[in-house]
Amino acid sequence: MGDGAMVPSSGARRGVAVAATCSLVLGCVALLGWWIGSTPLISIADGLPSMVPNTAVAFVLSGASLWALGVRERPAPVRWLGQACAAVVVALGLAVLLQYVFAWDLGIDRLLPAGHVDFPSKFPGRPSPNTALCCFLIGLSLLSLPLKTRRACLLLEWSALLAAAFAMTALTGYVFGVGYFYGLPPLLPFTGMALHSALALVALSSGLLMARPDCMTLSTLTAKGPGGILLRRLLPYIILIPLVIGRVFLVGADLGVYPIAASFAFASAITTLLLGAMLWVSAARMNLLDEARQRAEEARAFLATVAQASDDAVIGTSLDGTILSWNPAAERLYGYDAGEVIGTKLPVLYPHERAGEAEAVLARLRRGERVERFEAVCRTKRGQSIHIEVTVSSIVDASGRVTGVSTICRDIGRRKAMEAEVASAHEAERRLRSQIEAIGAASAAASEALASLPRSESGVRSVLEVLTRHAKEIVGADYAALGIGEDSQRPFDAWVPSGVPAERIAQIGAIPRPVGVLGAVVREGRTLRLADVRAHPAYIGLPPHHHPIEAFLGVPIRFHGRSVGNLYLGKRPGRPPFTEDDERVADLLVDRTCGVLETARLYRAEANERKRLEAVVEQLPEAAILVDAKGRLISCNKLALQYASSGVRDPDPWGNRLCFEHRTPAGEPLVWDERPLIRALERGDVVTGAEGLLRRPDRGLVPVLVNAAPVRSDDGELQGAVAVFQDISALKEMERQRQEWIGVIAHDLRQPIQVIATASQLLGRAAVEQPAADGQKQLARITSSIERLRRMIDDLLDASRIEARQLTLDRSPVNLRAQLGEILEKSAEVTAGHALRLEVKGDVPAVLADPGRLEQIVTNLLSNAAKYGRPEGDIAVTVSAERASAHIAVTNWGGGIPETSLPYLFKRFSRAPEVDPRSVRGVGLGLYITKGLVEAHGGTISVESSPGGATTFRFSLPFAPEAARAAGA
């Protein structure tokens, strides 16, 4: 025997519990009798042996040990306590026996109150030898009970049977009144086994045998075969009939009905008859059992034939999983012959990782649980895994005890394959339905984003982001991007990634161009699906900081045969590649959303055009105002805002808080209905070149030229009006200057003409009346006036050439020291009354200049200094050399020029505002021409003046090439 020892049935466990309880109760009753001094509780009746205290303690300990070790599996502390109680019982029985054999007195008999009842005894409180021996045997059986070995089982069985034999002998003595059976009169007439001690020992022996049903004695009694049946039927009669008959005839003999010898003869004859009748009945019963066995064997043979012919594998096993039967279908299913598997354990048919499933099923069957039909995976002889459907049934005997297991296995590989295909089809259908729903949701989201699209670049990008994000989620990609553009020389016009963190996008930086694999999708115009993008011939790598990509899917987006953009999808290395379903779904998504993308592209183009138009309108040099059909102000550029009066208390008739004060050229308020914008909106008039005044908060009334026109749709519906205000202050100023110039010219030309006319008249009269000296004087006046007219005409011509950029120079290297000295000598008439001085600082190289034009520049500056300088004041001409040019300064002293007038000195027809134009000769072109001549030479000119101090005009001229190289050297 081993670990597979039989477990007591529920009836046996109840019997063990009853036996333990009887021992405990009888022991406790005897102890109580000793405690209270009750003779019936100690010896049942007067003259009978009593149960001494040590015996009672032994029965209490034995009952507790049997309860702890034999009823069911107990916790470890309880089992240890039961074994300790058994050890005490063994020690107590052995100590008593040793006292009898060696005439010792160990003092253990008087530990308990043995003196409460007065029974004559040589050894008060000591158990009888037969009782001590039985306690010793019972203790050994209890110690052997937890051990699951064959020797332990034999020790338990023989010890319990010997104890039961001694106890039954004592009980027989009590039944027939024979003291020799329960006492030892020849040896120890004062001792004997008490009646309730014998009963307790019989109960303990029975409980121990029932606690180990796998031992031979009880297994023979409980066997299902004919021997077990015959033993169970005859044993009660064999035990009880002799006792009952013997006691009955003994009572008759005691009453004197017949002699004692006759009673034994009668008892023997009747016992023989009864036992013969019982044997006859048992033989008939065994014949019936044999017939039933034959029928069972026939039924078993029939079932075996059915099992052999079955298409399902039928396997019979014991409760521990040992294979006992194996039909041909099992051989075909598993590949094992019957001889290879019979006698092995059932888990050999399961994969190693699933061997525990068979053990779990067998454990449930051993516990009496029901196992429903289930599916499992088994292993064939070739190591292949197969799917089977298992039906497990318990095999029970006539008493209902489970003796084995019947397992029917059916190969469901084809069914599982079909179910897998059906499940795959359902999964594909579900996935396709989910993807179609996702495509619909993506299209709806894109349409919704498009419907609420603001007219800006960011709004178009939001539509592209919606499509990119949904595309990534639908096909299960890690990264996605949508690019618009096909020019490989420039980046995509729009590039919207998804799945890439913002910080990684910032690290990547530049937008990609449609080159490499991205360009291949653009060039080929068809979907490109790659398991590894790095294997494509066009692959040129990824930009720095980009996530690695392996699987790739590129889908061109076309609308009415024209490319709209491209959708790119990617997965990280190690992820499964894109499938044909992913490609179809991506194509379907693109087909559903290409219209949205085209609309978004048009929005983007329209937004760009609108931005350009707004930029043009914003940068217009004229003020522009746009109103809708109801006159509400839609927009106006920055220049128009300069004319607006904001924050007015009362709005205009159209309800605009931003108002414009429009007046006639004469400064009178313009009637509302006559304003050009109102005429264009309400009458549909096109107004061009209407002159008027607009008030600017910073400049007052400003002359403007107004153009207004209605704005109509393609079908002619009036949608608003636009007005443009052109500031003509400069034109008005030019007109004023022109009128002033005309007056100056008329005055300046009239004077020399008048002089010429007067001199001519005087010259005619002098020819007759006056001497020749007067004629010479008049001729000199004529010559002077002609020279003035020539200079004025030359100035006008030079101003025209400068304006038309047609001024020509004849440049050559010029020595400034010599040239300026000569010019100062010639300018004596122009600077009459002023002292001239020339100062040359250091060595000044030659300059590259037109000598005649240089003389014109210096003469104009000297003339200007003489006109506006202090009378009789000095005029200084200073020359110095800088790094690449010579600097000439002309300085005079006088009233100076106000700072506000300095910006206007070099304009045409400009004069100092505090000077009367008629008091100074000239047309106001001298400084304008001087500035043009200096700039034509490649130099610059500036003026510095302080009120009441010096006024200095400085100009520069570049060195001649040879002089410049020498200066650099």
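All values below come from the heavy atoms of this structure, side chains included, with hydrogens, waters and symmetry mates left out.
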Q) What pairs with Val60 under side chain to side chain contact (heavy atoms under 4.5 Å, CB included), at least two apart in sequence or on another chain? A) Leu24, Cys28, Leu31
Q.
Holding to side chain to side chain contact (heavy atoms under 4.5 Å, CB included), I want the full list of residues that pass it with Ile388, two or more places apart in sequence or in another chain.
A. Leu333, Tyr334, Ala376, Cys378, Ile386, Val390, Cys409
Q) Under a 4.5 Å cut-off applied to non-hydrogen side-chain atoms, are Leu199 and Leu26 in contact? A) yes
Q) Looking at side-chain heavy atoms only, is the closest gap between Val202 and Met168 below 4.5 Å? A) yes
Could you go through residues 79-96 and list every donor-acceptor pair under 3.5 Å that involves a side-chain atom there, pairing it with any protein atom two or more places apart or in another chain?
from	atom 1	to	atom 2	distance (Å)
Arg79	NH1	Glu73	OE2	3.3
Arg79	NH1	Arg74	O	2.4

Q.
Give me each pair satisfying salt bridge (Lys or Arg N to Asp or Glu O under 4.0 Å) with a member in residues 50-70, each pair once, sequence neighbours excluded.
A. none
Can you give each donor-acceptor pair under 3.5 Å made by side-chain atoms of residues 138-147, sequence neighbours left out, with the distance rounded to 0.1 Å?
from	atom 1	to	atom 2	distance (Å)
Ser141	OG	Leu137	O	3.2
Ser141	OG	Leu156	O	3.2
Ser141	OG	Ala160	N	3.3
Ser144	OG	Leu140	O	3.0

Could I get the full list of side-chain hydrogen bond (donor to acceptor under 3.5 Å, both in side chains) partners for [X], not counting sequence neighbours?
{"X": "Thr21", "result": "none"}
{"X": "Thr380", "result": "none"}
{"X": "Thr131", "result": "Ser128"}

Q.
Suppose we screen for ring-ring contact (aromatic ring centres under 6.0 Å, His included). Which residues come up paired with Phe136, at least two apart in sequence or across chains?
A. none
**Q.** Test salt bridge (Lys or Arg N to Asp or Glu O under 4.0 Å) applied to Arg151 - qualifying residues, sequence neighbours left out
**A.** none
Q: List for me each residue that meets salt bridge (Lys or Arg N to Asp or Glu O under 4.0 Å) alongside Glu340, sequence neighbours excluded, and say none if there are none.
A: Lys381
